[in-house]
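This report concerns only the one structure given below.
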Amino acid sequence: MTGWTFSRESIRAFRFVRNTFDAATGVAQLVYAFDDGPELIETITVPGAPFALQGERAAAAQRALRLLHLLAGVSYYKAAVPREIVIEGDPIDVDTALLLESFYVNGLGEFAYRNGLHLHDRIKFPHAAGATPAAPQLGLREHALVAIGGGKDSLVSIEALRTAGVEQTVTWIGGSQLIKACAERTGLPTLNLGRSLAPQLFEFNRQGALNGHIPVTGVNSAIMLFAAIVLDADQVVFSNERSASYGSLIEGTGEVNHQWSKGWAWEQALGDHVQSHVAADLRYYSLLRPLSELAVARQFAKSDRYDAHFSSCNRNFHLLGERPAMRWCGVCPKCHFVFLALAPFMPKPRLVGIFGRNLLDDPQQVGGYDALLEYQDHKPFECVGEGRESRAAMAALAGRPEWREDALVERFAREIRPQLDPHELDVAALMVLDDAHRVPAALWERLRAHFAA
Ligand SMILES: CC(=O)N[C@H]1[C@@H](OP(=O)(O)OP(=O)(O)OC[C@H]2O[C@@H](n3ccc(=O)[nH]c3=O)[C@H](O)[C@@H]2O)O[C@H](CO)[C@@H](O)[C@@H]1O[C@H](C)C(=O)N[C@@H](C)C(=O)N[C@@H](CCC(=O)O)C(=O)O
Ligand SMILES: Nc1ncnc2c1ncn2[C@@H]1O[C@H](COP(=O)(O)OP(=O)(O)OP(=O)(O)O)[C@@H](O)[C@H]1O
């Protein structure tokens, strides 16, 4: 629509307009709008079209697409956070409304904190009374779509599934060449799902829209669940570790979790909802939920297959703007943390070779490491392990001749460790596997020993 300009203060409502999927081309459109403004169209592309979707599977694909439409709206809603939410077409049920409220309020927790907003009483999804009939079994093919993000975590899952003999397709969303290279390095079948945000969002950002972190793993999960039904696969596997359930403790505010949609509460809510509302035999789980970040790092260190390909540094993954010249920028919280987490489990020359430098011998990085250690600062808003994991890893290095003289390790031993409880610095305690997870029982039986060693 011409003549409409983005003005956050005057926006009244956010509208979920419609969603469509063209099985002939594999293109889905998710359409939103503010008030009577222009349609904001996000596009998702599933390769391999045309698809023959019929009967129960076609209906389930429609339900999965609707759920994706509702969850992916978070990218646009956040631009103005209006009080009114309008869902056009069939109304949703109360369970779906509650799921969405939890996703928008908690998933936008960091966004709200940074923008000084209170979303708890603001976000209400309209819904109809009455329950929805339970979703049917579709008889989906036994096959895993495994999300790959270019970092260590998904590679650990992929190798574990290979060990367990699970048939898998390594799947990523978006155009990252780095992820593509990692996916190809697995030697397994690959799938690249397309995702393009509505271009007006970037214009709105330039015009002063509210901006900040969105629960991107929740959106990626919904894209993969939709693709699983289209492609006839019975499981979607993510690699979200136990540590992702713990946020940053902010004085005067409480816990704010940057990675809330990687956490256990969301995994349970989404996984249960999909089985009751989309398809009873479509499973969503994180294979690494029982593991701490340090336990994942120990698994990753067992093979050097991906050393020259992987990166956990999020600066590689911007949609707009410049990417770092090196795979590891070396100055962000993720680089800091991954270097520290791998150090107890890898020969030092191998680790320094991966990063191209020794981050623990660089006094300039002291502030970054203090935040990870929760020393005079809070844990950064990033996907990094718990403070106790960073402290335990640092304590382990302080006892190793090859590390203990490096600037930040030496400072930790001298200045920080004396203030800590020695019982909390035990790496072995952080290797214990947790029982809270949604990994299918038979698969977990096959993998427990693999992850414990
Ligand atoms: C790559 C990155 O970290 N981006 C975050 C950054 O975005 P930035 O403005 O610097 O640039 P772009 O990534 O190019 O995005 C441009 C704008 O597009 C909007 N947007 C983007 C993706 C999306 O899914 N929805 C969107 O609305 C947004 O307005 C962008 O400004 O800062 C933003 C906060 O201001 C972050 O929201 C961007 O984070 C991305 C959504 C992202 O994909 N981040 C992952 C690398 C990430 O954080 N992964 C975590 C998982 C966390 C979780 O699930 O909650 C991880 O590493 O585990
Ligand atoms: N572009 C993407 N497409 C599909 N899945 C993704 C994408 N980016 C991240 N993921 C998935 O989201 C989850 C969280 O991402 P995260 O960045 O923590 O994992 P990672 O890249 O495997 O490892 P690391 O923590 O070392 O970066 C993982 O399961 C990852 O596979």
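Every number for a ligand or one of its atoms is a count from 1 in the order of the listing.
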For ligand 1, does V219 get within less than 4.0 Å through its side chain, its backbone, both, or neither, judged by non-hydrogen atoms?
neither
Testing the 3.5 Å rule here: is there a donor-acceptor pair between the side chains of S239 and S154?
no
Selection from H213, H318, K78 by shortest heavy-atom distance to atom 48 (O) of ligand 1:
H213
Hey, is R195 touching ligand 1 through its side chain, its backbone, both or neither, going by heavy atoms under 4.0 Å?
side chain
At a 4.0 Å cut-off, with the gap strictly under it, does some heavy atom of N240 reach an atom of ligand 2?
yes
Based purely on interatomic distance, does D153 place a nitrogen or oxygen under 3.5 Å from a nitrogen or oxygen of ligand 2?
yes
Would you say the side chains of H213 and E110 form a donor-acceptor pair under 3.5 Å?
no
Out of C383, S176, A244, whose heavy atom sits nearest atom 51 (C) of ligand 1?
C383
Which residue from I173, V216, N211, N314 reaches closest to atom 57 (O) of ligand 1 through any of its heavy atoms?
N314
Give the numbers and elements of all ligand 2 atoms closer than 4.0 Å to a heavy atom of A147.
5 (N), 31 (O)
Classify the side-chain pair Y32/E42 by whether it contains a donor and acceptor separated by less than 3.5 Å.
no
Any side-chain donor near an acceptor of the partner, E267 and Y284, under 3.5 Å:
no
Which bit of F202 gets closer than 4.0 Å to ligand 1, counting heavy atoms only: side chain, backbone, both or neither?
side chain
Option with minimal heavy-atom separation from atom 23 (C) of ligand 1, where the choices are I214, V74, T217:
I214
Quick one: which ligand 1 atoms are inside 4.0 Å of a heavy atom on G212?
34 (C), 35 (O), 37 (O)
Taking distance alone, with no angle check, do S154 and ligand 2 share an N/O pair under 3.5 Å?
yes
Under 4.0 Å between heavy atoms, the region of S75 that gets near ligand 1 turns out to be both
Donor + acceptor pair across side chains of H437, S286 (<3.5 Å):
no
Name the option, out of K152, E293, K262, that contains the heavy atom nearest to atom 16 (P) of ligand 2.
K262
Within reach of ligand 1, part of R315 (heavy-atom separation under 4.0 Å):
neither
Answer yes or no: does an N/O atom from Q259 fall short of 3.5 Å to an N/O atom of ligand 1?
no
Close approach, K334 and ligand 2, non-hydrogen under 4.0 angstrom:
yes
